[in-house]
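Take a look at the structure below.
Chain naming here is simple, since letters A, B, ... match the order of the sequence lines and numbering starts at 1 in each.
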2 protein chains.
Amino acid sequence: MPVVDELDSEIIRLLQTDARQSNRELARRLGVAPSTCLERVRALTRRGVIRGYHADIAPAALNRSVQALVSVQVRPLSRAVIDTFKDSANALPEVLSVFVLAGGDDFLLHVAVQDLDHLHAFLLDRLSKRREIAGFRTSVIFQQEHDTAPSRLPSPTSAE
Amino acid sequence: MPVVDELDSEIIRLLQTDARQSNRELARRLGVAPSTCLERVRALTRRGVIRGYHADIAPAALNRSVQALVSVQVRPLSRAVIDTFKDSANALPEVLSVFVLAGGDDFLLHVAVQDLDHLHAFLLDRLSKRREIAGFRTSVIFQQEHDTAPSRLPSPTSAE
DNA sequence: CGGAATGGCTGGCAAAATGCCGGTCGTGGA
DNA sequence: TCCACGACCGGCATTTTGCCAGCCATTCCG
């Protein structure tokens, strides 16, 4: 399953950078025929290496300018409690992602909301009311940087 | 810039779910003409709402089966130290993303490595050697779930 | 050692999608 | 009322996709 050769790695790298480039462009950059490239991509998808393609959206445009990380401790530490909390947290619209952790905290929630008032409301209305939560700690995010850098922006007059 | 109407929101939602679907498919689901949909997507890109498209890759296929969150405290808390650490952390291949935080911790690093030995090596070789680091705490990630479906946050500009 | 089977790559072709352009409709202002 | 303006639509040339048969290197096996 995790058999990924050099060509596969290059395909993955290019698709991580820009998932919307055409198969022809992909093949051109890799120096292989488009049909070869297409079959490689399909094989990677079939094997579960490529799990999907997602657009990267500016949070501000969606009224989610304030982001925070919330460390959560739950009790008791049973599978039922953990699974239930994980699913319900994931279902909240403010929650971008849920981490289940080993160590001092049991969960880390990455949340995005409109402003600080909404963050406060989220903590009080969504978290404090849950009985299984033994405690939580919130850190507002000043900046966030991904290593998968924003790709080339498709420009209508782009020359190459 | 954050002028996003109902149609734009639907486009964003669909592209977050699957960024590789064709413009025709997108238009069909929205009930508009393909040319209309294409112009909308380009306008969203031009305005910076859509920042890019990225493939979602299974970490196991890239020898990144072990992921962890590392809380870091640096001293002194100056802009120079923070910016330097942020940039250098982001340049490390093991680091997926860097959060600059308000609160008890100054940074949170999301790292992905091959196994626990490599995690240990990362902590010792990359972090412990840095003088500005006052302390750090590592939490191994058992599970992570992303939110790729949601997005109707209660917002004052959403007219419905 | 030789022959055949296997897997991957290539090029080309029909079908589909993209990108562009002019036309149409509905709205708001003078 | 009339006009300007923006958004949407439909169609057409060009590009891209998806598929297929053939080629070549490697490997397996007699």
**Asked** Can a salt bridge be assigned to the pair B:Arg75 and B:Asp106 using a cut-off of 4.0 Å between side-chain N and carboxylate O?
**Response** yes
**Prompt:** Which residues pass the ring-ring contact (aromatic ring centres under 6.0 Å, His included) test with B:Phe107, sequence neighbours left out?
**Reply:** B:Phe85
Separation of [X] atom [atom1] from [N] atom [atom2], in whole Å?
X: B:Leu7; N: D:dG6; atom1: CG; atom2: C1'; result: 15 Å
X: A:Glu6; N: C:dC9; atom1: CD; atom2: P; result: 13 Å
X: A:Glu25; N: D:dT15; atom1: CD; atom2: P; result: 14 Å
X: B:Arg20; N: C:dA17; atom1: CZ; atom2: P; result: 15 Å
X: A:Arg42; N: D:dT16; atom1: CZ; atom2: P; result: 18 Å
X: B:Arg24; N: D:dT16; atom1: CZ; atom2: C1'; result: 13 Å
X: B:Leu30; N: D:dC9; atom1: CG; atom2: P; result: 10 Å
X: A:Asn23; N: C:dT18; atom1: CG; atom2: P; result: 14 Å

Pairs in or reaching into [range]: which pass salt bridge (charged side-chain N to carboxylate O under 4.0 Å, His left out), with residues at least two apart or in two chains?
range: residues 31-43 of chain A; result: A:Asp5-A:Arg40, A:Asp8-A:Arg40, A:Glu39-A:Arg42, A:Glu39-A:Arg46
range: residues 56-74 of chain B; result: A:Arg51-B:Asp56
range: residues 110-129 of chain B; result: B:Glu94-B:Arg126

**Message:** Give the residues of residues 31-39 of chain B touching DNA chain D, defined as any heavy atom closer than 4.0 Å, sorted by residue number.
**Reply:** B:Val32, B:Ala33, B:Ser35, B:Thr36
**Asked** Any side-chain N or O of B:Arg40 under 4.0 Å from OP1/OP2 of D:dC8?
**Response**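 Answer is yes, contact under 4.0 Å.
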**Message:** Which residues pass the salt bridge (Lys or Arg N to Asp or Glu O under 4.0 Å) test with A:Glu145, not counting sequence neighbours?
**Reply:** B:Lys86
